[in-house]
Amino acid sequence: TDNGGLVWQAPATPLPEAVRDIFDFRSVSRRGDKVWIAGQPGSVIWHTPDAGQTWKQQRTGQPLPLSAIHFSTDTTGYAAGALATILRTEDAGTTWTNYTATGLPAINFDKIFIDPYSTIESAYLITTLGLYYRDLTMATCVAVNPQVPTTQNVTANYAGLINGANLFKGTNSATSHASFATWGSGIWKATFYNQLNNTVPAAWASNDIGSPAIATSSKYDNVKHTF
């Protein structure tokens, strides 16, 4: 679609028919006419540089399924998937390197977002159990919210498995945010945090919803949305 989804049509050059029998697509990332599609098996990512006129395979060097892919620039992108697998590319996907880090549970990723305004590639990794953060200054991933319990926790105000996540791109980091829904605990959002000199918050502000997770700071807020 090129009109906001009013009309959908097949690309000028469809993917090979055999792909339908082999691949299960799970995530797509787009920047202008450039598109990347990832899924299962994760050994290949399909890429078109010209809005579907031509397609090519990009080998990842690993077989595990990929459930999330995100390009923050035309050349820099991340893919994530099963067993906490993280891949990174600096050449638009021609080559992928293993970016998997310690500090992550062996769980599948739901989404991966890169702050488009960050100079240190602030990456947010979203799983069904919580949100994790890493940037180029770090060797490990850190949890930016506690492991979300599988049952309702009224005291904590944020219980329930995460089952959906989205990226809202504003005009800068402060006006951009990641959001996700939970089972039985509402919808949550957090503004992007990419300050080099501040510690990433260890937890959501659970007993004072709407207040900054870092005292006297507005860099990383969390808000629980209700209807």
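No hydrogens, no waters, no symmetry mates; every other heavy atom, side chains included, goes into these values.
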List the steps and the verdict of side chain to side chain contact (heavy atoms under 4.5 Å, CB included) for Thr13 and Thr54. CA-CA 6 Å; Thr13 304; Thr54 59; 5.7 Å; no
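- Aromatic rings from Tyr124 and Tyr132 are positioned such that their centres are separated by 6.0 Å or more.
- Annotation: the span from Ile69 atom CD1 to Ile37 atom CD1 amounts to 9.0 Å, rounded to 0.5 Å.
- Checking side-chain atoms of Thr48 against main-chain N and O of Trp55 turns up no donor-acceptor pair under 3.5 Å.
- Nearest approach of Tyr78 to Trp96, heavy atoms of both residues: C-CZ3, 4.1 Å.
- Atom CG of residue Leu66 and atom CH2 of residue Trp36 lie 15.0 Å apart, to the nearest 0.5 angstrom.
- Cation-pi geometry between Arg30 and Phe71 is not satisfied (NZ or CZ under 6.0 Å from the ring centre, within 45° of the ring normal).
- In summary, Arg88 and Glu121 engage in a salt bridge, as defined by a charged side-chain N under 4.0 Å from a carboxylate O.
- Under a hydrophobic clustering in which Ile, Leu, Val, Met, Phe, Trp and Tyr are joined whenever their side-chain heavy atoms come within less than 4.5 Å, directly or via other members, Leu83 and Ile112 fall into different clusters.
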Intermediate values then yes/no, side chain to side chain contact (heavy atoms under 4.5 Å, CB included), Phe113 and Ile126: CA-CA 8 Å; Phe113 299 134; Ile126 300 178; 3.6 Å; yes
With side chain to side chain contact (heavy atoms under 4.5 Å, CB included) as the test, would you mind laying out the steps for Val19 and Trp46 before giving the verdict? CA-CA 10 Å; Val19 171; Trp46 286 91; 3.4 Å; yes
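- Between Ser67 and Ser27, the shortest heavy-atom contact is O-CB, 3.4 Å.
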